[in-house]
Number of protein chains: 2
Amino acid sequence: MSVSPNNATRRRRPTIHDVAREAGVSRGTVSRVLNGGHYVSPAAAEAVNAAIRRTGYVVNRHARSLITGRSGSAAFLLTEPQEKFFEDPNFNVLLRGCTQALATHDIPLLLMIAGTREEQRRITRYISAGHVDGVLLVSSHTGDPVAEALVHAGIPVVMCGQPMGHSTRLAHVAADDRDGARQMVRHLLAAGRRRIGTVTGPLDTPGGVERLAGYREVLADAGLPADDSLVEAGDYSRDGGAAAASALLTRRPDLDALFVASDLMAQGALAVLERAGRRVPADVAVGGFDDSTAAVGSRPALTTIRQPWDRISAEMVRVLLSQIGGEDSSAVILPTELIRRESA
Amino acid sequence: MSVSPNNATRRRRPTIHDVAREAGVSRGTVSRVLNGGHYVSPAAAEAVNAAIRRTGYVVNRHARSLITGRSGSAAFLLTEPQEKFFEDPNFNVLLRGCTQALATHDIPLLLMIAGTREEQRRITRYISAGHVDGVLLVSSHTGDPVAEALVHAGIPVVMCGQPMGHSTRLAHVAADDRDGARQMVRHLLAAGRRRIGTVTGPLDTPGGVERLAGYREVLADAGLPADDSLVEAGDYSRDGGAAAASALLTRRPDLDALFVASDLMAQGALAVLERAGRRVPADVAVGGFDDSTAAVGSRPALTTIRQPWDRISAEMVRVLLSQIGGEDSSAVILPTELIRRESA
DNA sequence: CCGGTGTCTGGGAGCGTTCACAGTAGAGAA
DNA sequence: TTCTCTACTGTGAACGCTCCCAGACACCGG
């Protein structure tokens, strides 16, 4: 029948005060336990931990952030003008990898999408105001203004893929695009193909440039003449891949292999080849890039280059955290791997 | 040569104090302008807005949250035990839609993934502690404990898809699965097919149950006998679809159509049919569900049922916001649409 | 003239933390 | 003994905001 003092305590979320009272120590001691436990006697630490368990205390991040100036969260920022990236299954894998890598550090990930110039301005402003401690930036195109602005505002930023056309040195993690292309073209050569065409990515993206460079290197090494009629640029979309393959096929009907710089474009190319009556791989061998779900879904299944997305995301998070911790920005390049399936 | 007071002011992020001083009013007045501008004279409001522009002031969300108890953010929570969801391109579309719908309200979206039981506990605790104002929950399976726990903790929750096996009434937004299935099966009947098999989704998911129900309804209406040898359960994965189609084909080699409850499973089924020497759609017509990117990528392109993902995400956000605003939870069912392509 | 009502304003209090600092106790060195 | 050093603890003052209340002022009806 008594109005138990517990009632009020139970209703409110327990604060550091409640824990301190429960443990018979001061706020300061509880705070020290919460932040690493230095300069705390074993007895006090144990009492505090027991009190935390008993009260179900969870630190109020807002109060903490208010004083530390840190938010305890990170952003995954996408600055693609088009919807291309969402058509791309790689995005999934990368996002999930980053989310989980950060989760082990108890850092929630905020997903932000800034497609239009207007949105980019708003989000740059938002982030610069200190709402997140760091940014994982996915933006393939040349000279992204968002990256520059964030770095200039002193926000730790890690890019996915090699940055192009930036004045500032940007931390980044990327797969070895050039070597991946080399592996694929070598594979096609080893299978006896000699008239190898390529559908590149957009040439204002590192993937576009580097994979083309790898392709050219291997052909040159093999003593084959450089021939621009075998090269056509795509835009990483299925339709773009189809259009490029179509142009290539018209120009060079004698094509016996095709290295396409993404699996999605390769799907488009496969459809074009089928319509043109070419058998794959008998008449034309096709190699993709990414090893995305699109590669397994195609008929025939695509021979492709696997990008180590799990390692990429893990490294991005590692580099970001070390940058937040005050270290200098760094770059990481990870190896790629040839995956043999039916198309080549 | 003078030590300008501006120096200190410029270095620090401007606070509400700075704005008040700059505008020649008190903190209270600035705060009122920030929160709707009631009980503020036009002159004061204008002075404050000018001061905000001049100082580049951005409200400190942590300070605000500390007192209001609101975080100003929402979570997109995925509680799938397997990686299935990430294989599914629908996820992309839904996530993007929600992010953008919330962005127009200036609410950042936190992406959270709780695959294991352990992660679910941690995230439930995190969210219950008040770190987000509401949750968009994607979880297809029966009786998700996370949903129950969150609702019990008083957190606004909106589910994607119809909840199954829950004691509490849950707000949700879903596509009309049953009617979608009806449309597809009617389409197959209209094309003259009579031995129509189906690969269902898992029967502990609403999509599995409802689409099967729609299939059965139409067959019954057409006077065809119910025949369980034409029904096989899949698991929404490509491999699962292949296995189910394979079983169905062994049991009923006379099959002339197949309604598969997801595009991804339909891809698996197409591969099986091809290997079995069946032509699609000549021998066996195939209908999918989702209208995901997988539908366009298949050979032949899949006839399928489009789920209105853009509307689903917009509605989820609308319902969540109204729930955060104190209104009662509600349910929304949105219509689906038949998309005719080559496979049926 | 009064009192009431409605609009607008300023400033104190407090949200739940961390931080800086002062202070205590005990061990060991001078 | 006394002084110094180290390990530990408690407390007041922020952090930047919103809430609340008191008070000023203008207007209006009686």
Side-chain angles (χ1 to χ4, degrees), chain A residues 8-49 51-52 55-73 106 126 128-131 133, chain B residues 8-49 51-52 55-73 106 126 128-131 133:
Chain A
T9 315
R10 267 236 246 149
R11 209 73 207 136
R12 264 191 315 111
R13 254 180 76 188
T15 73
I16 202 171
H17 272 103
D18 301 323
V19 175
R21 197 182 330 114
E22 184 83 12
V25 300
S26 72
R27 278 166 19 241
T29 301
V30 177
S31 178
R32 277 185 288 266
V33 170
L34 254 33
N35 296 290
H38 301 299
Y39 291 97
V40 176
S41 68
E46 200 176 336
V48 168
N49 283 320
I52 288 176
T55 53
Y57 170 76
V58 180
V59 56
N60 182 324
R61 268 194 137 93
H62 301 305
R64 175 181 282 176
S65 294
L66 180 57
I67 185 152
T68 60
R70 286 260 180 105
S71 72
S73 64
D106 245 312
Y126 183 86
S128 302
H131 291 292
D133 295 337
Chain B
T9 314
R10 266 236 246 152
R11 207 74 206 136
R12 265 192 315 114
R13 255 180 76 189
T15 73
I16 202 170
H17 271 103
D18 301 324
V19 175
R21 196 181 331 113
E22 185 82 13
V25 299
S26 72
R27 279 168 16 244
T29 301
V30 177
S31 179
R32 277 185 287 267
V33 170
L34 254 34
N35 296 290
H38 300 301
Y39 291 97
V40 176
S41 66
E46 199 176 339
V48 168
N49 282 320
I52 287 176
T55 53
Y57 171 75
V58 181
V59 55
N60 181 324
R61 268 196 137 93
H62 302 305
R64 175 180 281 176
S65 294
L66 180 56
I67 183 154
T68 60
R70 286 259 179 106
S71 73
S73 63
D106 246 312
Y126 183 87
S128 301
H131 291 294
D133 295 337

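In what follows, chains are A, B, ... by sequence order, proteins preceding strands, each numbered from 1.
Atom pair A:I16:CD1 and D:dA14:P shows a separation of 19 Å (rounding to whole Å applied). In this structure, A:H38 places its NE2 atom 16 Å from C1' of C:dC19, rounding to the nearest Å. Note: CG (B:N60) to P (C:dC15) measures 18 Å, nearest angstrom. Rounded to whole Å, the distance from CZ on A:R70 to C1' on C:dC19 is 15 Å. In this structure, the NE2 atom of A:H62 is 12 Å from the P atom of C:dG16, given to the nearest Å. The CG atom of A:L34 sits 12 Å away from the C1' atom of C:dG16 (whole-angstrom rounding). What separates CD1 of B:I67 from P of D:dC17 is a distance of 11 Å, to the nearest Å. Here C:dG14 presents its C1' atom at 17 Å from CZ of A:R13, a figure rounded to the nearest Å.
Between A:Y126 and A:H131, the shortest heavy-atom contact is O-CD2, 3.0 Å. Here the closest non-hydrogen pair linking B:I52 and B:V19 is CG1-CG1, 3.8 Å.
Nucleic acid contact for A:R61: none, since no nucleic acid atom lies under 4.0 Å from a heavy atom of the residue.
Of the side-chain N and O atoms in A:Y39, none sit less than 4.0 angstrom from OP1 or OP2 of C:dC21. For A:S41, a side-chain nitrogen or oxygen approaches OP1 or OP2 of D:dT9 to under 4.0 Å. Remark: B:T29 is in phosphate contact with C:dG10, judged by side-chain N or O atoms under 4.0 Å from OP1 or OP2. Distances shorter than 4.0 Å separate some side-chain N or O of A:S31 from OP1 or OP2 on C:dT18. Side-chain N/O atoms of A:S26 include one lying less than 4.0 angstrom from OP1 or OP2 on D:dG10.
Each of B:L66 and B:R32 lies near DNA chain D, and the nucleotide nearest B:L66 is the one positioned closer to the 5' end. Residue whose closest nucleotide on DNA chain C sits further toward the 5' end, between B:V25 and B:A63: B:V25.
The base of D:dG12 sits with one of its N or O atoms less than 3.5 Å from a complementary donor or acceptor on the side chain of A:R27.
The shortest distance between side-chain heavy atoms of B:Y57 and B:D18 does not fall below 4.5 Å.
The backbone N or O of A:R27 lies less than 3.5 Å from no partner atom in the side chain of A:S31, so there is not a single donor-acceptor pair. The backbone N or O of A:G72 sits less than 3.5 Å from a side-chain atom of A:D133, completing a donor-acceptor pair.
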